[in-house]
Amino acid sequence: MTFLINVYAKCGTMDYARKVFDNLPRRNVVSWTTLMTGYVYNSQPELAIQVFQEMLEAGAYPSNYTLGTALNACSSLHSVRLGKQFHAYIIKYQIDFDTSVGNALCSFYSKFCNLGSAIKAFQRIREKNVISWTAVISACGDNGEAARGLKFFTEMLSKDIKPNEFTLTSILSLCCTTLCLGLGAQIHSLSSKLGYESYLPIKNSIMYLYLKCGWIREAQKLFDGMEIVSLVTWNAMIAGHAQVMDFVEDDISAYKSGCEALNIFLKLNRSGLKPDLFTFSSILTVCSRLVALEQGEQIHAQTIKTGFLTDVVVGTALINMYSKCGSIEKASKAFVEMDTRTMISWTSMITGFSQQGWSQQALQLFEDMRLAGVRPNQITFVGVLSACSQAGMVNEALSYFEMMQKEYKIKPVMDHFACLIDMFVRLGRLKEAFDFIEKMDFEPTEFIWSLLIAGCRSHGNLELGFYAAEQLLKLKPKETETYVLLLNMYISAGRWKDASRVRKMMKEEKLGKFQDWSWINIKEKVYSFKPNDKSHFHSADLYTSLENLLQQASSLGYKSLETMEVTDEDEEENTSSSTAYHSEKLAVAFGLLNTPNATPIRVIKSVFMCRDCHNFAKYISLLTDREIIIRDSKRLHKFVNGRCSCGDFSGLP
DNA sequence: CTAGGGTTAG
């Protein structure tokens, strides 16, 4: 009758299977094991474990198959304790370490992040089959050792073992993490040769690989050509577009990619499939990068309704969404309401507070994190140091910097130094900033010098500024913003020769596009603005109202600053044009005109905000009593009552 | 034995 258990299990009717089992006149190890396997097959690992325990209590001896199944159940339950207990049974009952036990042990150890034991288990297997190899390869992938996994794959091929569809999917996943497009293409053709071309996981992986490597059109083509898709397909498209936002050349392309992700999300919702925790975490990240609060709030509601908000990754993504949209109170509420938090959740919240200029809260939370026994990482300390830097807490900054190295053995990287240097620069302690740069045990980067130069400009130490500029120019800067900074400095000092030297270098270095562009999102519609843009349907009113704002701001003491315009076609030398119609000014004015009183204004800008616009936004927040949130290419600025959350970051060009 | 998710400031 045991076969009947198997039949019911395969049909997804475990209740019947259990009944058959309960009515068996005699039970042997095979019937117990079959029932367990059924539960694992039907994603009920906890019941499988329960059966295993019943079996031991009944005095039956488990076989190697039984333990293999039990271990698989532990893997899906993420129960380290049980798995280790089972490993002990293997020894106690002198279970033969055969292929199935070895395979199960290998993937169990992998799931609980013990790659060493996983590999050991693999190596103990006398007769390794394709499953053993696949297990060890995916173990490497799951534990961040993609290159090692690829080595096992070559070894496997050299032993003439033919990969199956599972192996190929694992390898493609390794290609995704290492961005090996070439190998991915080879695997693609190999899988066609082996007859797996229509196998959905392989298609999904290839599509995702294309996206991650920037082959967006090809990925889209694959997607459009798929007649059968799964939720994973949709999620891969959304996650892929979210990641594309990170590496595209300019913020305009990033913005487009984010909108595409939102579009795909809408289509997914209409397709009848239900989004899951993977979907929600990706799409919330997209919202945070787009500063799309309205969409983010709707998705928040959806995560509550579907119960996926309990997932810690979704919760963390939600914190980031709110904090990147400038709603720090809601971010904090989301953080408080989480029932489990990981180091990343804490780090996100600390960084969020710090970006909003809430230094005290950031530091308090860091202390709470330590009390909770959660170990901070390099990124956590960037948040902590930047909080100190904003608040000008020199002693605290230095002591956290020391704590990081002594207590947590974390090596400082450029970003940590940048925080400290920014701190000294903000305080006008340029000499100390400079000393710090000289003390670092690695070469100062373009960004570090830029910080110092911007500080020299605003604190009027031109001599040091010119010196730093020479150091910077030796590095052949790559960022357009760096050149804008240098040009501004030289031109305002009347050093025309230096300015034209910089311009010449700009041409030689083939810089990326520098397009000033801003967006504002009102009632889920997006309006974009270019500087001096008069082509818009909304222009007449808009310009009048901007003039008005400029005038009112002037009466409060606002003085417009002339800065350099650097555009793609800029051929003229030494021109300095008006900053009055920079794109963010237009977007802010448009937002004021088209939203009800007291609504916060949220604008995204494709390049760095200039000092003048930064200053202007402060006055406008005071004048109109509105929160103005502008996220530029570098950071978030939240203007409230004439002050900015960045605490007037020293690196503004 | 397989594919998809969250932190990076200055």
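Values in this document were obtained by computation on a predicted structure and should not be read as measured data. Order of the sequence lines sets the chain letters (A, B, ...), proteins ahead of strands, with each chain counted from 1. Values below: all heavy atoms of this structure, side chains included; hydrogens, waters and symmetry mates excluded.
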With a distance cut-off below 6.0 Å to the six-membered ring centre and an angular limit of 45° from the axis, does A/Lys439 pair with A/Phe436 as a cation-pi contact?
yes

Can you pull out every ring-ring contact (aromatic ring centres under 6.0 Å, His included) where at least one residue sits in residues 220-241 of chain A? Sequence neighbours excluded, please.
A/Phe223-A/Trp234

For B/dT2, is there a stacking contact with A/Phe166, counting only centres under 5.5 Å and planes under 30°?
no

Go through the structure and list residues passing salt bridge (charged side-chain N to carboxylate O under 4.0 Å, His left out) with [X], not counting sequence neighbours.
| X | value |
| --- | --- |
| A/Lys333 | A/Glu337 |
| A/Glu155 | A/Lys159 |
| A/Arg341 | none |

Please determine whether a side-chain nitrogen or oxygen atom of [X] lies at a distance below 4.0 Å from atom OP1 or OP2 of [N].
| X | N | value |
| --- | --- | --- |
| A/Gln390 | B/dG10 | yes |
| A/Lys324 | B/dA9 | no |
| A/Gln378 | B/dA9 | no |

Please pick, from B/dA3, B/dG10, B/dC1, the nucleotide with the shortest atom-to-atom distance to any side-chain atom of A/Asn164.
B/dC1

Below 4.0 angstrom, which residues in residues 124-136 of chain A have at least one non-hydrogen atom near DNA chain B?
A/Ile131, A/Thr134

What residues form a ring pair (Phe, Tyr, Trp, His ring centres under 6.0 Å) with A/Tyr65, not counting sequence neighbours?
none

Whole-Å distance, A/Phe447 CZ to B/dT8 C1', equals 12 Å

Polar pair under 3.5 Å, donor/acceptor by atom type, side chain A/Asn320, base B/dG6:
no

